[in-house]
Undergrad: 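What follows is a structure written as structure tokens; I'll ask about it next.
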Protein chains: 2
Amino acid sequence: MNIAIDYQSRVPIYEQIVLEIEKQVALNILKPNEQIPAIRELAVNLGINPNTVKKAYDTLEQRKVIISKSTKGTFITDNVDEVKRIMVDKIIDDIKKNIQELENIGINKEDIIKKLKVSE
Amino acid sequence: MNIAIDYQSRVPIYEQIVLEIEKQVALNILKPNEQIPAIRELAVNLGINPNTVKKAYDTLEQRKVIISKSTKGTFITDNVDEVKRIMVDKIIDDIKKNIQELENIGINKEDIIKKLKVSE
DNA sequence: CTCCTTGCACTATTTGTTATAGTACAATTA
DNA sequence: TAATTGTACTATAACAAATAGTGCAAGGAG
């Protein structure tokens, strides 16, 4: 499990872990039903406190990205498609909001497309 | 000056003020050289501490959105276009990043456009 | 000149969240 | 039996945000 923690970031460590694991699920780096590191193990790997990892795992379980099985370990959900769908919807929504903001400022769709095409 | 503060948000109050004023500049609600409320006045209006408003104004001045004139008051910059340009560039950059993320997940440009067109 | 308002500067304290430290339990596995 | 798993809990530390409070210098209005 490869996770880079940015200690300068305003995003809490536990949330960085959440976002990174969600991302790796969406990118098929983490597969359905795959086991992920034990709380204590990941804590050691990242050099942080187990409670912080626990908080991340709790959040991920609430979002149905992972499933914790007592004494067995923690596993990626078997319904990875749903996780992806939610992520994609969120990103699409973000883009729509950004486009709306640009239009509010007075930039029309053609100009937006023009600006996007440069260096894309 | 109409600013709504969300106390539930993780974004600090001073930053909410910064973002809202920048937005109102971009939307031409706040005009070039226009005077904005005194620190103490806005603090009373929003029901917050003057130091919090001061921090917001300091940030805005650093970003060249406003100019503070001792004993005179605080004013919107005369170069509003530059503020707009920076905001637009930032939003465009956000959109690009989001598109890249979608492509990484495996969604091609045509699908992205299709998803964007629904309800837009 | 006096009073009020302005931005500015500073210290101290409070508050809430994040992160750490530490301990313990139940259940499964080797 | 020993080790590992997730779970649960309390206490503490660390940090940023926000508040509280005081005071200064300078300009404008009366």
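Every chain is numbered from 1, with letters handed out A, B, ... down the list of sequences.
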Undergrad: What integer distance in Å separates A:N51:CG from C:dT23:C1'?
TA: 11 Å

Undergrad: For a quick test of reading the model: is some side-chain N or O of B:K54 closer than 4.0 Å to OP1 or OP2 of C:dC8?
TA: yes

Undergrad: Measuring only between side-chain heavy atoms, which start at C-beta, is B:I48 closer than 4.5 Å to B:Y14?
TA: no

Undergrad: With a 4.0 Å cut-off, would you call B:R63 and B:E82 a salt bridge?
TA: no

Undergrad: Could you state the CG-C1' distance from A:L46 to C:dA19, rounded to the nearest angstrom?
TA: 14 Å

Undergrad: Relative to the 5' end of DNA chain C, which residue comes earlier, A:I13 or B:S68, by the nucleotide with the nearest heavy atom?
TA: B:S68

Undergrad: Counting only side-chain N and O atoms of A:S70, is one of them less than 4.0 Å from OP1 or OP2 of C:dA26?
TA: no

Undergrad: Please determine if a side-chain N or O atom of A:K72 lies less than 4.0 Å away from the OP1 or OP2 oxygen of C:dT29.
TA: yes

Undergrad: Could you check whether B:Y57 gets within reach of a base, just the sugar-phosphate, or nothing at all, counting any heavy atom under 4.0 Å?
TA: nothing

Undergrad: Taking CD from B:E61 and C1' from C:dT6, how many angstroms apart are they, rounded to a whole number?
TA: 14 Å

Undergrad: It should be established whether B:Y14 places a side-chain nitrogen or oxygen under 4.0 Å from OP1 or OP2 of nucleotide D:dA18.
TA: no

Undergrad: How close or far is atom C1' of C:dT18 from atom CD1 of A:I5, stated in whole angstroms?
TA: 13 Å

Undergrad: Using a 4.0 Å heavy-atom cut-off, does B:R40 contact any base of the nucleic acid, only the sugar-phosphate backbone, or nothing at all?
TA: base

Undergrad: Hey, is the side chain of B:R10 poking within less than 4.0 Å of OP1 or OP2 on C:dT18, counting only N and O atoms?
TA: yes

Undergrad: Of the candidate nucleotides C:dG7, D:dA17, C:dT6, which contains the atom at the shortest distance from the side chain of B:E41?
TA: C:dT6

Undergrad: Can a salt bridge be assigned to the pair B:R85 and B:D89 using a cut-off of 4.0 Å between side-chain N and carboxylate O?
TA: yes

Undergrad: Has B:K84 got more than 12 heavy atoms of other residues, nucleotides or ligands less than 6.0 Å from its NZ?
TA: yes

Undergrad: Would you indicate, yes or no, if D:dG28 has its OP1 or OP2 atom less than 4.0 angstrom from a side-chain nitrogen or oxygen of B:T71?
TA: no

Undergrad: Please confirm whether the backbone N or O of B:N2 pairs with a side-chain atom of B:Q24, one donor and one acceptor, at under 3.5 Å?
TA: yes

Undergrad: Name the closest nucleotide to the A:N49 side chain, picking from D:dT5, C:dT20, D:dT19.
TA: C:dT20

Undergrad: Between A:K115 and A:D111 (salt bridge meaning N to carboxylate O under 4.0 Å), is one present in this structure?
TA: no

Undergrad: Does A:K69 place a side-chain N or O at less than 4.0 Å from the phosphate oxygens OP1/OP2 of D:dG6?
TA: no

Undergrad: Take atom CD of B:Q35 and atom C1' of D:dG27, then tell me their distance rounded to the nearest Å.
TA: 13 Å

Undergrad: Ignoring backbone atoms, establish whether B:K55 has a side-chain N or O less than 4.0 Å from OP1 or OP2 of D:dA18.
TA: no

Undergrad: A:I48 has an atom CD1; how far is it from atom P of C:dA21, in whole Å?
TA: 11 Å

Undergrad: Write down the distance between OH (B:Y7) and C1' (C:dT17), rounded to a whole number of angstrom.
TA: 18 Å

Undergrad: Mind calculating the distance between CZ (B:F75) and C1' (C:dT5) to the nearest angstrom?
TA: 13 Å

Undergrad: Kindly say if B:T74 contacts the phosphate of C:dT6, meaning a side-chain N or O under 4.0 Å from OP1 or OP2.
TA: no

